[in-house]
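What follows is a short report on a single structure.
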Amino acid sequence: MSRLLPPPVLSDAPLAPGLYLVATPIGNLRDITLRALDVLAACDLLLAEDTRVTGKLLSAYSIRTRLERHDEHVAERAIPAILERLEAGERVALVSDAGTPMVSDPGYRLAREAIAAGHPVFPIPGASAALAALTLAGLPTDRFLFAGFPPPKSGARRTFFEEFANVRATLIFFEGASRVDDTLADMAAVFGADRPGAVCRELTKLYETCVRGPLGELAVDPRFEAPKGEIVILVGPGEEKAASADDAEAALREAMTRLPLGEAASEVAKALGLSRKDLYRQALALKEAG
């Protein structure tokens, strides 16, 4: 969106000193919030992952705030000077290229140091690619886990996915367009070809798409051989697996080192979804066997 947008009616309320973490649009510039515009216009300094990207947003809304780069290459050495500004009572805002700051970007370091120094930190919520994809994917939303970017190489990527294989939550990953097909193949191998998934691309933009289906089908979908744009991949929750006899015995033996037999049986029954009565009998047998 290159044309100038109608100038918003901004608040004339004074902006309190502190660090503002401001969510910005992930594509459509009209997804900016009025409160975010208030902060961007009134802050003393705006820190951006890419000043060119943020500059387009400011230009669209006729905002002329001082803008400085704050990415992974400059973050560490820039933080002391920013903390001095906060100490002097200035209003500093932080944005990422798109979406919510500190989600897969270096902004968390600044927020951590500002909090440690006792400066006020204010979240200004708004667009989030992870949440937009979650609401669009058609997968369970009652429990979800954002896992960021997988490793670039297949071996490390599969090891990474194995950590989440049995998590009973919808998994959310970011991925670069050039690796989507390989990543989907590794997902199908680790999570299972029948596991439900979704690939969301160019969210809130003109060519927004969401392809849903089993991971095995997504992995061979020709649309992901050379896709363009920003990609979010979601994987449906893993299925709960019944505890094996060995798992139950190991858990029971460990609990018995800390608790009386009845309490040990109750704890393991609750954790593994097994019969307390059967576990208590097993505990008695284990105790008698020494």
Within one Ile-Leu-Val-Met-Phe-Trp-Tyr cluster: [X] and [Y], side-chain cutoff 4.5 Å:
X    : Y    : answer
I231 : L134 : no
V53  : I26  : no
V199 : F161 : yes
L15  : I82  : no
L145 : L131 : no

[X] versus [Y], closest heavy-atom pair with distance:
X    : Y    : answer
V121 : P123 : O-CD, 4.0 Å
A198 : L218 : N-CD1, 3.9 Å
H70  : A78  : ND1-CB, 4.2 Å
L29  : Y61  : O-OH, 2.9 Å
L136 : C210 : CD2-CB, 3.6 Å
V268 : A255 : CG2-CB, 4.0 Å

Enclosure of [X] [atom1] (heavy-atom neighbours >12, cutoff 6.0 Å):
X    : atom1 : value
Q282 : CD    : yes
F144 : CZ    : no
D194 : CG    : no
E162 : CD    : yes
E87  : CD    : no

task: Take T170 and T141 through the test side-chain contact (heavy atoms from CB on, under 4.5 Å) and record every step on the way to the result.
output: CA-CA 7 Å; T170 295; T141 59; over 6 Å; no

Reported [atom1]-to-[atom2] distance for the pair [X] and [Y], which is rounded to 0.5 angstrom:
X    : Y    : atom1 : atom2 : result
L86  : E113 : CG    : CD    : 11.5 Å
I233 : R179 : CD1   : CZ    : 10.5 Å
T100 : I124 : OG1   : CD1   : 11.5 Å
Y108 : L21  : OH    : CG    : 14.5 Å
E49  : R69  : CD    : CZ    : 10.0 Å
L261 : L279 : CG    : CG    : 11.5 Å

Using a 3.5 Å distance criterion without hydrogens, assess whether the side chain of [X] forms a donor-acceptor pair with backbone atoms of [Y].
X    : Y    : answer
T65  : L40  : yes
D97  : D50  : yes
D71  : V74  : yes
R168 : G238 : yes
T54  : T51  : no
E202 : E230 : yes
D44  : V92  : no
R109 : E76  : no
R195 : G236 : yes
R35  : P125 : no

Flag the pair [X] / [Y] as yes when at least one side-chain heavy-atom distance between them is below 4.5 Å, and no otherwise.
X    : Y    : result
P196 : R212 : no
L57  : P25  : yes
C200 : L234 : yes
F224 : V211 : yes
M187 : L184 : yes

- prompt: Please walk me through it: do L284 and K287 pass side-chain contact (heavy atoms from CB on, under 4.5 Å)?
  reply: CA-CA 5 Å; L284 287 173; K287 183 178 180 180; 5.5 Å; no

task: Among L272, L274, D247, L286, find the residue that satisfies the side-chain contact (heavy atoms from CB on, under 4.5 Å) test when tested with L252.
output: L286

query: Out of T204, L203, T24, which residue meets the side-chain contact (heavy atoms from CB on, under 4.5 Å) rule with D31?
result: T204

task: Would you check if there is a donor-acceptor pair between the side chains of S266 and R276 at a distance under 3.5 Å?
output: yes

task: Walk me through it: do F173 and V235 pass the test side-chain contact (heavy atoms from CB on, under 4.5 Å)?
output: CA-CA 8 Å; F173 302 91; V235 179; 4.2 Å; yes

message: Using the rule given for salt bridge (Lys or Arg N to Asp or Glu O under 4.0 Å), can you reason through R253 versus E249, listing the C-alpha separation, both sets of side-chain angles and the distance that settles it, and then say yes or no?
response: CA-CA 6 Å; R253 286 185 181 277; E249 181 175 334; 3.0 Å; yes

- request: Examine F146 together with F174 and report whether their ring centres are nearer than 6.0 Å.
  value: yes

- request: Would you please classify the geometry between the F122 ring and the Y20 ring as parallel, tilted or perpendicular, with 30° and 60° separating the classes?
  value: parallel

field: Carboxylate-amine/guanidinium proximity below 4.0 Å for E267 and R258
entry: yes

Working for side-chain contact (heavy atoms from CB on, under 4.5 Å), residues V180 and R201: CA-CA 11 Å; V180 169; R201 185 179 71 87; over 6 Å; no

